[in-house]
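Computed from heavy atoms alone, side chains included, the values below leave out hydrogens, waters and symmetry copies. Here, residue 1 is the first one in the sequence, and each next residue gets the next number.
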Amino acid sequence: MTRIKTFGIMPRYINFLLVLFFISCSTNKSKLSENNFFNKNYFYNDSLKVGIDFDKKIQFKEASLVKEKEYKQLLKSNKNLSSKDLFLVAGSKENGIEMYFFYQNIKPSNVNLTNARIVATDTVHNTLFFEKQKGKRKILGIVKTNLKMDSDFSLVVNDLMNKITIDSLNQRKLSFPSIFINYFPSTHPNPLYASKKLVTAPLQSEGENSAKFQFLSTVNSFMSNNKKYDSLIGGYEKKRKEEFNSLINDFSKRDEVYKDSAIFGELSQVAKNNKVLMLNEDHYYPKHRLFAMELLETLKANGYNYLSLEGFNASAENEFTPNYHNGLYTSEPYFAHFIRKAQLLGFTILGHENVDKSVEREIGQAKNILKILDKDPNAKIFVYVGHSHLEKKSENKKWMAEYFKELSGINPITINQTEICADTKQALILIPCRYLNDTTKTKSSADYFLINNLNPSLKKIYPLAVFKEAKIKSEEFLEYKNEEILVEVVDSTEFGLLKNRAIPIESFLTISKGKEITFELPIGKYHIFVKTDKDKTIYNKDIIVN
């Protein structure tokens, strides 16, 4: 399968030129901005079919959240405009410019203005008004400067007007990766909002493993109780289940195919006699992190003391608390639980991602793992990777595990939980590779293949905890009655320490039925966020469950 490179380079520190400013909402807010899309300095509204290719160093404000008083004075010179027509607010602090864009459907005229024109100039308020029309579509712009309104300013405005397009999308400027980056930020993202933006993007999607599918699956994997995720993953697994179901049913009857708790007995013997064990994951699957978490105690009991993670950046501050700055994959709630348990058990947690652009990624990863052994020859390492990085032999390319084997002289034990999907009675089945080497069903070089049908839940994370009903109440819930909303549950201690960098212990979707939402949590203190698919936070409070 072809994987998008964006996923492989992780600590997730991307320098966004796009900055979103979230300001309190006005009572007469515009709804035209709901179909806005941004990619750095490029803007496109899908419903209006309006695109603007701004100069660099532009900042965007969310038009529907801008206070009306910010631009009310500017509208006095144009009686045809109102708040409901506003669809975009942008500015450049460096150039001292603020811009407001309004949209209107007008009666057809004999004149079809395909070039923008300046309508009026207000030298008292340093404001310029312009318009651009195509058929019934008209864009009206207000540009305000805190600098001198000289010829240079006029050139800037004229250049801007020429870069406004109507009924034209620049598909080189807008892409699924850019939407993912812009709407799924590195700190406290709203996956429900990002999912909506990816679903409604005015872009074509090609193939079952398309960019749209990969990014949609990623953002939806952050939310449980999620029909969209279930549908995506159901389609993703369908072909492999058809291929493997009958074969796995036959294999499961053999004595040396291990099931459920027996798996940990087998892997305990393996861990006792080996210094390095590698387990892979599919980045869309919280259940893969759940198995990795369950494996930790077995490995710890057999001397394993290091956990090395792909795409992980250890924070200089609060390094023993997982947070959004650790990376993309580790921001998913069940990956954070995996890290928490490893810390509790005393593992030293490191990242082996290669960040040296002069070194090929697979070699760089292998060398970074080898550094652990160079520093601590007695180390026993649990290496957690994505997909094919654990391949010790491959026809198409040389992967990290093969380089590691050559450089270290150690033959790592590898467990592949991404290759096989099957419907089974058991939650877990572990198959030694010898049963699959003689078939054409898989080309992976792994030593074991794991079928993982675990069902992630908080009760698996906190098996000894007492769960009680939690209830949150807000009048704002009524505004979203019968709509899907996102509930994020953050541990109170972690929230106090990290604020918006704290990763929820659980994020789930629910349908608002009134002004109350109920769910179950372990007894304790939490901070709760409730968010909408328009990226509005409608609940942000501490609660106590007792």
Side-chain angles (χ1 to χ4, degrees), residues 18 20-23 25-54 58 60-66 68 71 75 80-90 99-109 112-114 116 130-142 160-161 163-184 190 192-205 211-212 215-216 219 228 479-480 483-484 531-536:
L18 169 63
L20 295 177
F21 294 86
F22 296 102
I23 308 171
C25 184
S26 70
T27 56
N28 187 26
K29 64 184 179 180
S30 166
K31 294 185 177 181
L32 297 178
S33 65
E34 291 182 4
N35 290 293
N36 284 354
F37 290 89
F38 304 96
N39 176 22
K40 297 180 181 178
N41 58 304
Y42 181 70
F43 161 83
Y44 186 74
N45 184 295
D46 186 37
S47 63
L48 305 180
K49 310 302 179 189
V50 174
I52 308 175
D53 194 3
F54 288 94
I58 195 75
F60 298 101
K61 293 184 180 181
E62 177 53 62
S64 66
L65 301 179
V66 171
E68 187 175 332
Y71 56 87
L75 298 183
N80 295 322
L81 298 182
S82 69
S83 299
K84 65 181 178 60
D85 299 319
L86 181 72
F87 67 90
L88 177 66
V89 180
M99 294 169 279
Y100 299 82
F101 298 87
F102 299 80
Y103 178 87
Q104 288 184 336
N105 280 318
I106 61 173
K107 294 180 180 180
S109 65
N112 187 13
L113 298 175
T114 56
F130 68 86
E131 64 180 26
K132 187 167 187 176
Q133 179 183 338
K134 184 177 181 182
K136 296 181 180 181
R137 301 168 179 270
K138 179 182 281 190
I139 306 302
L140 300 104
I142 301 174
L160 168 65
M161 291 188 294
K163 290 181 176 178
I164 298 173
T165 61
I166 302 174
D167 291 333
S168 177
L169 167 65
N170 187 336
Q171 296 202 20
R172 291 182 296 110
K173 293 275 188 175
L174 192 65
S175 64
F176 287 112
S178 74
I179 291 169
F180 176 81
I181 290 169
N182 288 325
Y183 295 101
F184 202 66
N190 180 345
L192 181 59
Y193 177 53
S195 177
K196 181 181 178 181
K197 284 296 184 181
L198 288 163
V199 168
T200 60
L203 299 168
Q204 295 296 317
S205 178
K212 181 178 182 179
F215 289 117
L216 257 181
V219 299
K228 180 69 177 177
E479 185 180 344
Y480 298 91
E483 292 185 27
E484 198 166 48
K531 300 175 181 178
T532 73
D533 64 4
K534 298 177 178 64
D535 204 27
K536 183 179 179 182

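- Glu483 approaches Glu479 most closely through the heavy-atom pair OE2-O, 4.3 Å.
- Once rounded to the nearest 0.5 Å, the distance linking OG of Ser195 with CZ of Phe215 reads 13.5 Å.
- For Phe101, the ring pair (Phe, Tyr, Trp, His ring centres under 6.0 Å) partners are Phe54, not counting sequence neighbours.
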Derivation of the side chain to side chain contact (heavy atoms under 4.5 Å, CB included) call for Leu86 and Tyr100
CA-CA 7 Å; Leu86 181 72; Tyr100 299 82; 4.1 Å; yes
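- In this structure the side chain of Lys132 never reaches within 4.5 angstrom of the side chain of Lys138, judged on heavy atoms.
- Residues Leu169 and Pro202 meet the side-chain proximity criterion, which asks for heavy atoms closer than 4.5 Å.
- Taking all atoms of both residues into account, the shortest heavy-atom contact from Ala90 to Phe60 is CB-CD2, 3.9 Å.
- Looking at heavy atoms from C-beta onward, Val199 lies in side-chain contact with Leu216 at the 4.5 angstrom threshold.
- Phe43 and Phe38 have their aromatic ring centers within a separation under 6.0 angstrom.
- Judged as a side chain to side chain donor-acceptor pair (under 3.5 Å), and not counting sequence neighbours, Asp533 has no contacts.
- The salt bridge (charged side-chain N to carboxylate O under 4.0 Å, His left out) check on Lys49 picks up Asp46, with sequence neighbours excluded.
- Between the side chains of Asn45 and Asn36, at least one donor N or O sits under 3.5 Å from an acceptor N or O.
- Rounded to the nearest 0.5 Å, atoms NZ (Lys212) and CD1 (Ile179) are 9.0 Å apart.
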From CA spacing to verdict: side chain to side chain contact (heavy atoms under 4.5 Å, CB included), Thr532, Leu192
CA-CA 7 Å; Thr532 73; Leu192 181 59; 5.6 Å; no
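- Evaluation of the side-chain contact (heavy atoms from CB on, under 4.5 Å) rule for Ala194 yields Tyr183, Phe184, Val219 as partners, not counting sequence neighbours.
- For Ser168, the side-chain contact (heavy atoms from CB on, under 4.5 Å) criterion is met by Thr165, not counting sequence neighbours.
- In this view, Lys228 satisfies the salt bridge (charged side-chain N to carboxylate O under 4.0 Å, His left out) rule with no residue, not counting sequence neighbours.
- Side-chain atoms of Lys173 and Lys40, non-hydrogen and from C-beta on, never get closer than 4.5 Å to each other.
- The distance from the CG atom of Leu88 to the OG atom of Ser33 is 9.0 Å, given to the nearest 0.5 Å.
- Side-chain atoms of Asn182 and Asn39, non-hydrogen and from C-beta on, do get closer than 4.5 Å to each other.
- At least one donor-acceptor pair closer than 3.5 Å links the side chain of Thr200 to the backbone N or O of Lys196.
- Counting heavy atoms from C-beta on, the side chains of Phe130 and Ile164 come closer than 4.5 Å.
- The NZ atom of Lys197 lies 8.0 Å from the CD atom of Glu34; values are rounded to the nearest 0.5 Å.
- Side-chain contact between Ile142 and Phe102 is present, with heavy atoms from C-beta onward closer than 4.5 Å.
- Listed by chain and number, the residues in a side chain to side chain donor-acceptor pair (under 3.5 Å) with Tyr42 amount to none (sequence neighbours excluded).
- Two residues are said to be in side-chain contact when any heavy atoms from C-beta on lie closer than 4.5 Å; Tyr103 and Ile139 meet this criterion.
- Both tests do not hold together for Lys531 against Tyr193: distance to the six-membered ring centre under 6.0 Å, angle to the ring axis within 45°.
- Here the NZ atom belonging to Lys163 is positioned 8.0 Å from the CG atom belonging to Asn41, to the nearest 0.5 angstrom.
- Using a 4.0 Å cut-off between a side-chain N of Lys or Arg and a carboxylate O of Asp or Glu, Asp167 and Arg137 qualify as a salt bridge.
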